[in-house]
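First up is the structure itself, then whatever we jot down about it.
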Amino acid sequence: MRPRIRKSVMVIHVVVSVALLGEVWGLVVLNTAAALTKDLELAHAAYRLMPALVFAGGIPLSLTALITGILLALTSHWGLFRYYWTAAKLVLLVAVICVGMFLFDPEGMAAATEGGRAAVATRQWGQVAALGTQIVMLMIATALSVFKPRGKLR
Ligand code: HEM
C-alpha cells in the first residue's frame, strides 16, 4: 500500500476505533443513569434512545475499525497473526462485537420499563457490566496499539 493511502487508512482506523470507545462510554453513562434514577419515565426514555446510538455509532464504527484494522495488518510487516498484539486486538474487537450482539439489550430494557414499570435491578446492572467489559477491552486494545509489544506468535 502506498504510504499516503496507508496513512489515510490509519487515520480512519484511529478515528473510528477511538470513537467506538467514546460511544460505548456514552452507553455506560446512560445505563448507569437509568439504573440509578427514581424517574421511571426517564429510565424508559434512556433505554429507548440507546438503539439510535448503537445503529448510528456502535455498528458502523466497530465494522469500520475491524475492516481497516485487518487491512492495515495484512498490508504491513505486522501481519494478522504474526504478533500477539495484532491477534489480541482482533480477538478483543470480535469479543466487543459479540458482547454488543448477545448481552446488550436496550430494546428488551425499554420493553421492561414500558408504562412506568421498574426494571429488575440485577438486569439493569447486568447491562452496565456488559458495557463496562466492552470499555475495558477497548482500552486494552488501544494500549496494545500504542505499545505494540514485540512478542511473536510465529
Ligand atoms: C479494538 C478496537 C481497536 C482500537 C481501539 C485500535 C486502535 C488503534 C490505534 C490507536 C492505532 C494507532 C497506533 C499507532 O500510534 O501507531 C492502531 C493501529 C493499528 N491497528 Fe488498531 N485498533 C483496534 C482494532 C484493530 C484490529 C481489529 C486490528 C486487526 C488486527 C488492528 C490492527 C492495527 C494495525 C495493523 C495498526 C497499524 C500499526 C502501525 O502500522 O504502526 N486494530 N489501532
Side-chain angles (χ1 to χ4, degrees), residues 1-36 43 45-112 119 121-154:
M1 207 191 282
R2 284 211 227 110
R4 217 170 237 260
I5 297 177
R6 183 178 167 73
K7 279 189 182 159
S8 307
V9 175
M10 177 88 106
V11 169
I12 297 171
H13 180 70
V14 173
V15 168
V16 295
S17 305
V18 180
L20 177 64
L21 209 145
E23 187 259 352
V24 178
W25 178 245
L27 287 171
V28 171
V29 172
L30 268 184
N31 273 270
T32 307
L36 289 176
Y47 289 125
R48 281 193 58 196
L49 270 177
M50 287 172 207
L53 260 178
V54 173
F55 285 105
I59 294 172
L61 292 172
S62 55
L63 292 181
T64 310
L66 186 65
I67 293 164
T68 51
I70 291 173
L71 200 64
L72 286 170
L74 290 178
T75 57
S76 65
H77 65 284
W78 296 114
L80 202 48
F81 295 106
R82 194 172 301 148
Y83 288 87
Y84 282 111
W85 73 270
T86 44
K89 277 178 66 175
L90 184 61
V91 171
L92 285 167
L93 186 50
V94 170
V96 166
I97 293 170
C98 287
V99 169
M101 278 170 66
F102 302 118
L103 298 180
F104 182 48
D105 181 22
E107 284 96 352
M109 295 305 293
T122 46
R123 211 172 148 198
Q124 285 186 308
W125 289 109
Q127 294 294 294
V128 177
L131 293 161
T133 309
Q134 285 185 314
I135 283 282
V136 171
M137 291 192 285
L138 288 170
M139 283 164 81
I140 295 171
T142 308
L144 284 173
S145 315
V146 176
F147 284 99
K148 301 185 180 78
R150 289 275 138 193
K152 273 188 162 182
L153 263 170
R154 59 185 166 84

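The first residue in the sequence is number 1, and the count goes up from there. What you are looking at is a predicted structure, and each value in this text was computed from that prediction instead of being measured. Just so you know, ligand 1 is whichever comes first in the structure, and atom 1 is the first atom listed for that ligand.
The heavy atom nearest to atom 20 (N) of ligand 1, out of those in Arg6, Lys148, Met10, Lys89, is found in Lys89. Of the candidates Ala143, Ala65, Ser145, the one placing a heavy atom closest to atom 13 (C) of ligand 1 is Ser145.
By the 3.5 Å distance cut-off applied to N or O atoms, Ser76 is not counted among the residues near ligand 1. For the pair Trp85 and ligand 1, the shortest N or O to N or O distance does not fall below 3.5 Å. Between Trp78 and ligand 1, at least one N/O pair is under 3.5 Å apart.
Contacts between His13 and ligand 1 below 4.0 angstrom, taking non-hydrogen atoms only, involve the side chain exclusively. Of all the heavy atoms of Leu92, none lies under 4.0 Å from any atom of ligand 1, so neither backbone nor side chain is involved.
Remark: side-chain polar atoms of Ser17 are not paired, donor with acceptor, to backbone N or O of Val14 under 3.5 angstrom. Glu107 places no side-chain N or O within donor-acceptor distance of the main-chain N or O of Tyr47, the cut-off being under 3.5 Å.
Within the listing of ligand 1, atoms 1 (C), 2 (C) sit less than 4.0 angstrom from a heavy atom of Leu138. Close approach of ligand 1 to Thr142 is summarised as follows: ligand atoms under 4.0 Å from at least one heavy atom of the residue are 5 (C). Residue Ile70 has at least one heavy-atom neighbour below 4.0 Å for each of these atoms of ligand 1: 29 (C). Close contacts of ligand 1 with Thr86, meaning ligand atoms under 4.0 Å from a residue heavy atom, involve 30 (C). Set against the non-hydrogen atoms of Val14, the atoms of ligand 1 under 4.0 Å away are 9 (C), 11 (C), 12 (C). Counting atoms of ligand 1 from 1 in the listed order, those under 4.0 Å from a heavy atom of Ser17 are 3 (C), 4 (C), 5 (C), 6 (C), 7 (C), 22 (N), 23 (C). Each of the atoms 35 (C) of ligand 1 lies under 4.0 Å from some heavy atom of Ala73.
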Query raised in the report: Could you walk me through whether Leu27 and Gln134 pass the side-chain contact (heavy atoms from CB on, under 4.5 Å) check?
Result: CA-CA 11 Å; Leu27 287 171; Gln134 285 185 314; 5.7 Å; no
